[in-house]
Amino acid sequence: MSEVYAFIEAEKTTHNVALLCWLLKVARSSFYPWLAGETTRSVRKAADDALAHEITVLHVASKAT
């Protein structure tokens, strides 16, 4: 579903959000909370990426043990 919302976000400057939601059969009332959560998702992704990097560093430092 995120792909559909991302598409609507990308196209909202060209087309009406209500029309896009209707064509893609998603509720406008679901799109706007998804849009509001964008900041939270980007912060979480950055934290996940930092943790993955730290795990990789520790794994290499321990000679893959």
Side-chain angles (χ1 to χ4, degrees):
M1 191 58 72
S2 290
E3 297 85 17
V4 173
Y5 293 144
F7 176 78
I8 293 170
E9 168 66 16
E11 295 297 321
K12 74 178 186 178
T13 57
T14 310
H15 303 288
N16 187 320
V17 171
L19 175 65
L20 290 169
C21 289
W22 180 75
L23 288 172
L24 297 170
K25 297 180 179 22
V26 297
R28 254 187 318 158
S29 61
S30 299
F31 170 70
Y32 289 111
W34 175 87
L35 187 59
E38 184 69 29
T39 303
T40 305
R41 282 190 301 280
S42 63
V43 168
R44 175 63 186 256
K45 177 153 177 29
D48 287 350
D49 291 345
L51 179 60
H53 176 71
E54 185 65 27
I55 290 169
T56 302
V57 168
L58 291 171
H59 182 68
V60 170
S62 70
K63 298 179 183 165
T65 58

With a 4.5 Å heavy-atom cut-off, do V26 and Y5 have their side chains touching? yes
With side chains defined as the heavy atoms from C-beta onward, is the minimum distance between E11 and L24 less than 4.5 Å? no
Treat each ILVMFWY residue as a node, draw an edge where side-chain heavy atoms are under 4.5 Å apart, and state whether [X] and [Y] are in one component.
{"X": "L51", "Y": "V43", "result": "no"}
{"X": "L19", "Y": "V4", "result": "no"}
{"X": "F31", "Y": "M1", "result": "yes"}

Taking every non-hydrogen atom, the tightest pair across C21 and R28: SG-CG, 3.6 Å
I need the minimum non-hydrogen distance between P33 and S30, along with the two atoms involved. CD-O, 3.4 Å
Atom [atom1] of [X] and atom [atom2] of [Y]: how far apart are they, to the nearest 0.5 Å?
{"X": "I8", "Y": "L23", "atom1": "CD1", "atom2": "CG", "answer": "9.5 Å"}
{"X": "E9", "Y": "L20", "atom1": "CD", "atom2": "CG", "answer": "11.0 Å"}
{"X": "H59", "Y": "T56", "atom1": "NE2", "atom2": "OG1", "answer": "8.0 Å"}

